[in-house]
Amino acid sequence: MEIVVRPDAEAVAALAARLIADRLGARPELVLGLATGRTMERVYDHLVALGPDFSRCRTFNLDEYIGIPPESEQSYRHYMEENLFRRVGIDPGRTHLLDGMAADLVAEAEAYERKIRDAGGIDLQLLGIGESGHIGFNEPLSALMSRTREKALTLTTRRQNAAMFGGDPERVPARALTMGVGTILDTRELLLVATGSAKAPILAKALEGPVTAMVTASALQLHPRCKVIIDEAAARELGQRDYYDWVFANEPEWAPYRG
Ligand code: F6R
């Protein structure tokens, strides 16, 4: 794992977007794993501005609420259309999201795993982290080997996501479909993006604490190619900051991204 700390949320989004655009440039048929949420809005703004070619890539989103139709503005399908898909003109047939309205959620989850496999696996997965420590919607105690499935959301997550539901956590769906921690760990490269002081305590646990199902983001420590890009506010509680800064300043892989 490599941790890069940038001064603010704007610089974080700019760097994350450049990395994604570079991967797309190097491999136009990239299989790209996507996330939703407030953090990603800025990342997608920067990505759209960089203008990489999405015509040959395929995308798979991490998660979707159960019981929210795709045309609802509260759905993650709608979020993706608004924040990325429509803006980059990607063929909708190349984008994949779980169907939270599926009559058989087990079959839907299994079919999603199959589609990812048929696409040759995910090359680069973009991730945010929830205040509960989740990646995707893998809430505490999600098995670290879990696959795509239905998951009950914690109150912490429903509070975090209440803005789209009139500010009322009770109106946030109680359940979602999500890629499993094991599904996420299968991807070839991971990119976690986080900003703001609210994420500082959980990031310290996830990045520097023990690997535990109580903080599913800690499973990223097991992945051989995981990059974490966070801002100063989110990095506040990290203990090994000097080392992370030294790596960013000195490792050749980061040279194009300094400055
Ligand atoms: C969203 C997702 C979540 C979010 C996380 C952070 O598809 O998978 O894990 O990435 O909850 O959300 P924000 O960016 O809104 O703080």
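By convention here, the first residue in the shown sequence is residue 1. Every number for a ligand or one of its atoms is a count from 1 in the order of the listing. Keep in mind that what you see is a predicted model, and the values were worked out from it rather than measured.
Only one option out of E150, E64, E139 pairs with R175 in a salt bridge (Lys or Arg N to Asp or Glu O under 4.0 Å); it is E150. For the side-chain hydrogen bond (donor to acceptor under 3.5 Å, both in side chains) with D186, the lone residue among R117, R147, Q125 that qualifies is R147.
Protein heavy atom at the shortest distance from atom 6 (C) of ligand 1 is I129 O, 3.4 Å. Looking only at protein heavy atoms, the nearest one to atom 4 (C) of ligand 1 is T36 O, 4.0 Å. At the shortest separation from atom 15 (O) of ligand 1 among protein heavy atoms lies R38 N, 2.8 Å. The shortest contact between atom 10 (O) of ligand 1 and any protein heavy atom is with G128 CA, 3.3 Å.
Residue contact check for ligand 1: Q160 places a non-hydrogen atom closer than 4.0 Å to it.
Of the listed options I135, D63, T195, L62, D63 places a heavy atom closest to atom 7 (O) of ligand 1.
Those atoms of ligand 1 that come under 4.0 Å of a heavy atom in T39, given as number and element, are 13 (P), 14 (O), 16 (O). Per-residue contacts place G37 under 4.0 angstrom from the following atoms of ligand 1 (heavy atoms of the residue considered): 14 (O), 15 (O). Atom numbering of ligand 1 starts at 1 in the shown order; those under 4.0 Å from a heavy atom of K199 are 6 (C), 13 (P), 16 (O). Atoms of ligand 1 found under 4.0 Å from any heavy atom of H134 (numbered from 1 in listed order, with element): 3 (C), 5 (C), 9 (O), 11 (O). Less than 4.0 angstrom separates some heavy atom of G136 from each of these atoms of ligand 1: 2 (C), 3 (C), 8 (O), 9 (O).
Residues that satisfy the side chain to side chain contact (heavy atoms under 4.5 Å, CB included) test with P201, not counting sequence neighbours, are E237.
With T156 contributing its side chain and E131 its backbone, the two residues share no donor-acceptor pair below 3.5 Å.
For F165 and Y65, the distance between ring centers is under 6.0 angstrom.
Between S132 and T154 the shortest heavy-atom distance is CB-OG1, 3.9 Å. Shown here for K151 and R149, the closest heavy-atom pair between the two residues is CD-NH2, 3.5 Å.
Under the side-chain hydrogen bond (donor to acceptor under 3.5 Å, both in side chains) criterion, the residue pairs touching residues 15-25 are D22-Y257, R23-E189, with sequence neighbours excluded.
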